[in-house]
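Accompanying notes for the structure given below.
The figures here come from the full heavy-atom set of this structure, side chains too, leaving out hydrogens, waters and symmetry mates.
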Amino acid sequence: MRKSYTSEFKAKVAIEAIKGEMSIVELGAKFDVHPNLITNWKTKFLESASSIFSDKRKKENKKREETTDDLYKKIGQLQVERDFLRKKYRQIYGKDPD
């Protein structure tokens, strides 16, 4: 049966590998994990380290842009409806509703 490891455990082992106080083989023996796995976790950890700080801002900006786009669409829709009702009002009463 295959072992599965939590992300917290993987991060802990990867950080130990990055510290370099013990060799990968020694870490494998200490945590009962194959050294190739530790190397893979370390590589993934280092590759994704920069995204830890930037993803939150990107997600917030994307969410803000989506909200802004939705609001612009709603404004456009309301303006079309207002113009339509103003035109109908003029047709019925012969004057502007102002």
Next on the checklist: Quick test of your reading of the model: are Glu65 and Lys62 salt-bridged, counting only N-O distances below 4.0 Å?
Outcome noted: no
Next on the checklist: Once rounded to the nearest 0.5 Å, what's the spacing between atom CG of Asn40 and atom NZ of Lys42?
Outcome noted: 11.5 Å
Item to check | Distance in Å, Lys88 NZ paired with Gln91 CD, rounded so as to fall on 0.5 Å steps | outcome: 4.0 Å
Once side-chain hydrogen bond (donor to acceptor under 3.5 Å, both in side chains) is applied, do any residues pair with [X], and if so which ones, sequence neighbours excluded?
X     : value
Lys30 : none
Lys3  : Asp32
Arg90 : Asp96
Glu81 : Gln77

Next on the checklist: Please check: side-chain N/O of Glu26 versus main-chain N/O of Ser23, any donor-acceptor pairing under 3.5 Å?
Outcome noted: yes
Next on the checklist: In the structure I gave you, are the side-chain heavy atoms of Leu78 and Lys74 within less than 4.5 Å of one another anywhere?
Outcome noted: yes
Item to check | Side-chain cluster (under 4.5 Å, hydrophobic types only) that Ile38 belongs to, other residues | outcome: Tyr5, Phe9, Val13, Met22, Ile24, Leu27, Phe31, Val33, Leu37, Trp41
Checklist entry - Quick one: ring pair (Phe, Tyr, Trp, His ring centres under 6.0 Å) partners of Tyr93, sequence neighbours excluded? => result Tyr89
